[in-house]
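Notes to accompany the following structure.
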Amino acid sequence: MKANGVAVETMRTSIFALSCQEYGISAKTGYKWKERFGVKVLAGMEEESRRPKSHSEQLAEEEVCEIVRLKLAHLSWGRARFAELYLRRHGEVASESTFKRVLERAGLTQRRRRRRAPEAGRLSSGREAAAVNEVWDGRF
């Protein structure tokens, strides 16, 4: 693994930038690996997740609990109505899509059933003829 070689080499060498250049990595990456190696030893050389540890717009736990409490109090309401109620009670509100995600994670939503489209082109009233020529149709 290239990272292990760089980390071990840099611990021995005082000329850090030249070691990084020799292994074909930037000095910034080399310093990052050196810091990880100093803290976690060889485990620090493994690839880490690039996912952010937090999100600037992330809801606080209290807000999530309040949204769930509101839904449990008003099970038939939709997310737009919740957003309005939450706005009235707390002054600021997250987006409707945030309400949707919170309620889905809590298992408090139901998917809408798809309605079958009516058969196109039918002019029939659904009435059946009891005798000949009782029901007429305009199609030819």
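We're numbering straight along the sequence, starting at 1. This one's a predicted model, so the numbers in the text were calculated from it and none came from an experiment.
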Legend entry - Point-to-point distance, once rounded to the nearest 0.5 Å, from CD of Glu104 to OG of Ser97: 10.5 Å
Legend entry - Distance, nearest 0.5 Å, that separates CG of Leu72 from CD1 of Ile67: 12.0 Å
Inset, instruction - Enter the distance from Lys32:NZ to Ile25:CD1 here, rounded to the nearest 0.5 Å. - result: 9.5 Å
Inset, instruction - Please name the pair of heavy atoms, one in Leu108 and one in Lys71, separated by the smallest distance, quoted to 0.1 Å. - result: O-CE, 3.2 Å
Inset, instruction - Quick one: pull up CD in Glu22 and CD1 in Ile15 and give me the separation to the nearest 0.5 Å. - result: 11.0 Å
Inset, instruction - Starting at CD of Glu63, measure out to CZ of Phe99 and round the result to the nearest 0.5 Å. - result: 8.5 Å
Inset, instruction - Kindly write out the residues that satisfy side chain to side chain donor-acceptor pair (under 3.5 Å) with Thr109, not counting sequence neighbours, or none if the list is empty. - result: none
Inset, instruction - Please report the shortest heavy-atom distance between Ala106 and Val68, naming the atom on each side. - result: CB-CG2, 4.0 Å
Inset, instruction - Quick one: sort the His74 and Trp77 rings into parallel, tilted or perpendicular, breaks at 30° and 60°. - result: parallel
Inset, instruction - Could you pull out the closest heavy-atom pair between Cys20 and Ala27, with the gap in Å? - result: SG-CA, 4.2 Å
Inset, instruction - Kindly write out the residues that satisfy side chain to side chain donor-acceptor pair (under 3.5 Å) with Glu84, not counting sequence neighbours, or none if the list is empty. - result: Arg88
Inset, instruction - Apply salt bridge (Lys or Arg N to Asp or Glu O under 4.0 Å) to Arg89 and list each qualifying residue two or more places apart in sequence or on a separate chain. - result: Glu66
Legend entry - Stepwise side-chain contact (heavy atoms from CB on, under 4.5 Å) check, Gln21 with Leu18: CA-CA 5 Å; Gln21 192 174 30; Leu18 288 176; 3.7 Å; yes
Inset, instruction - Could you tell me the separation between the CZ atom of Arg105 and the NZ atom of Lys100, rounded to the nearest 0.5 Å? - result: 10.5 Å
